[in-house]
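Worksheet: the structure to be examined is printed underneath.
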Amino acid sequence: RQLMLNHDEL
Amino acid sequence: MNIFRLAGDLSHLAAIIVLLLKIWKTRSCAGISGKSQILFALVFTTRYLDLFTNFISPYNTVMKMIYLGCAYATVYLIYMKFKATYDGNHDTFRAEFLVVPVGGLAFLVNHEFSPLEILWTFSIYLESVAILPQLFMISKTGEAETITTHYLFALGMYRALYLINWIWRYYFENFFDLIAIVAGCVQTILYCDFFYLYITKVLQGKKLSLPA
């Protein structure tokens, strides 16, 4: 879930 | 990072650079919707607020700065430097009809009810409809300069490539972001009509003109 909120896409 | 996301980012970068060069070289923004460019600047501003607080990678930071810089430079060229060539009579789409509903939706449907996350969600939803003023303007003028159609093709392809990137990340990284995927589908679908015209006309060497 944390991955989701750590938006790594432009 | 996968090849589809990289291709998408490069397509997006190409679109932004092509537009900026078109306006700068021809010293004219005829046929370009200033409203869409303002919406894109708003998309990048609300999406990249964590530019200095959340470091992902040098690539990520550099690309965000280029996108932001080019977006504001384009708006500046349209509304200030080459204001005389701005075709306001045909750029009449009511952008507030996009921003207000998108703003409301971002409040209602998001991953987390926090300021940064709501603004990120707002930028995702807004980006999916930000091209509408531009497409509307082309339908009103009934034509588009060839360079403008190349800009739109690259811009439309960027999110289409991102859709493939999300399929890739679903299977190989177990990554899945429904908000980005749904908005990306809407965004890409809005280009379908243009893609058809681009492939059947522009790629055949004809000028893009709509049946007025």
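Quantities reported herein were computed from a predicted structural model and do not represent experimental measurements. Computed from heavy atoms alone, side chains included, the values below leave out hydrogens, waters and symmetry copies. In the text below, chain A, chain B and the rest are named by the order of the sequence lines, each starting its count at 1.
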Query - chain A interface, residue from B:Leu116, B:Ile56, B:Asn165, B:Ile179 that has the most non-hydrogen pairs under 4.5 Å - result: B:Ile56
Query raised in the report: Checking heavy atoms, do the side chain of B:Tyr67, its backbone, both or neither come under 4.5 Å from chain A?
Result: side chain
Report task. Step through it carefully: locate the ring centre of B:His111, locate the ring centre of B:Phe176, and say whether they are under 6.0 Å apart. Result -> no
Query raised in the report: Does the B:Thr141 side chain pair with the main chain of B:Ile138, one donor and one acceptor, at a distance under 3.5 Å?
Result: yes
Query - Any residue meeting ring-ring contact (aromatic ring centres under 6.0 Å, His included) with B:Tyr198, in chain and number order, not counting sequence neighbours - result: B:His150, B:Phe153, B:Phe194
Query raised in the report: Quick one: salt bridge (charged side-chain N to carboxylate O under 4.0 Å, His left out) partners of B:Asp50, sequence neighbours excluded?
Result: B:Lys64
Query raised in the report: For B:Asp9, is it the side chain, the backbone, both, or neither that has a heavy atom closer than 4.5 Å to a heavy atom of chain A?
Result: side chain
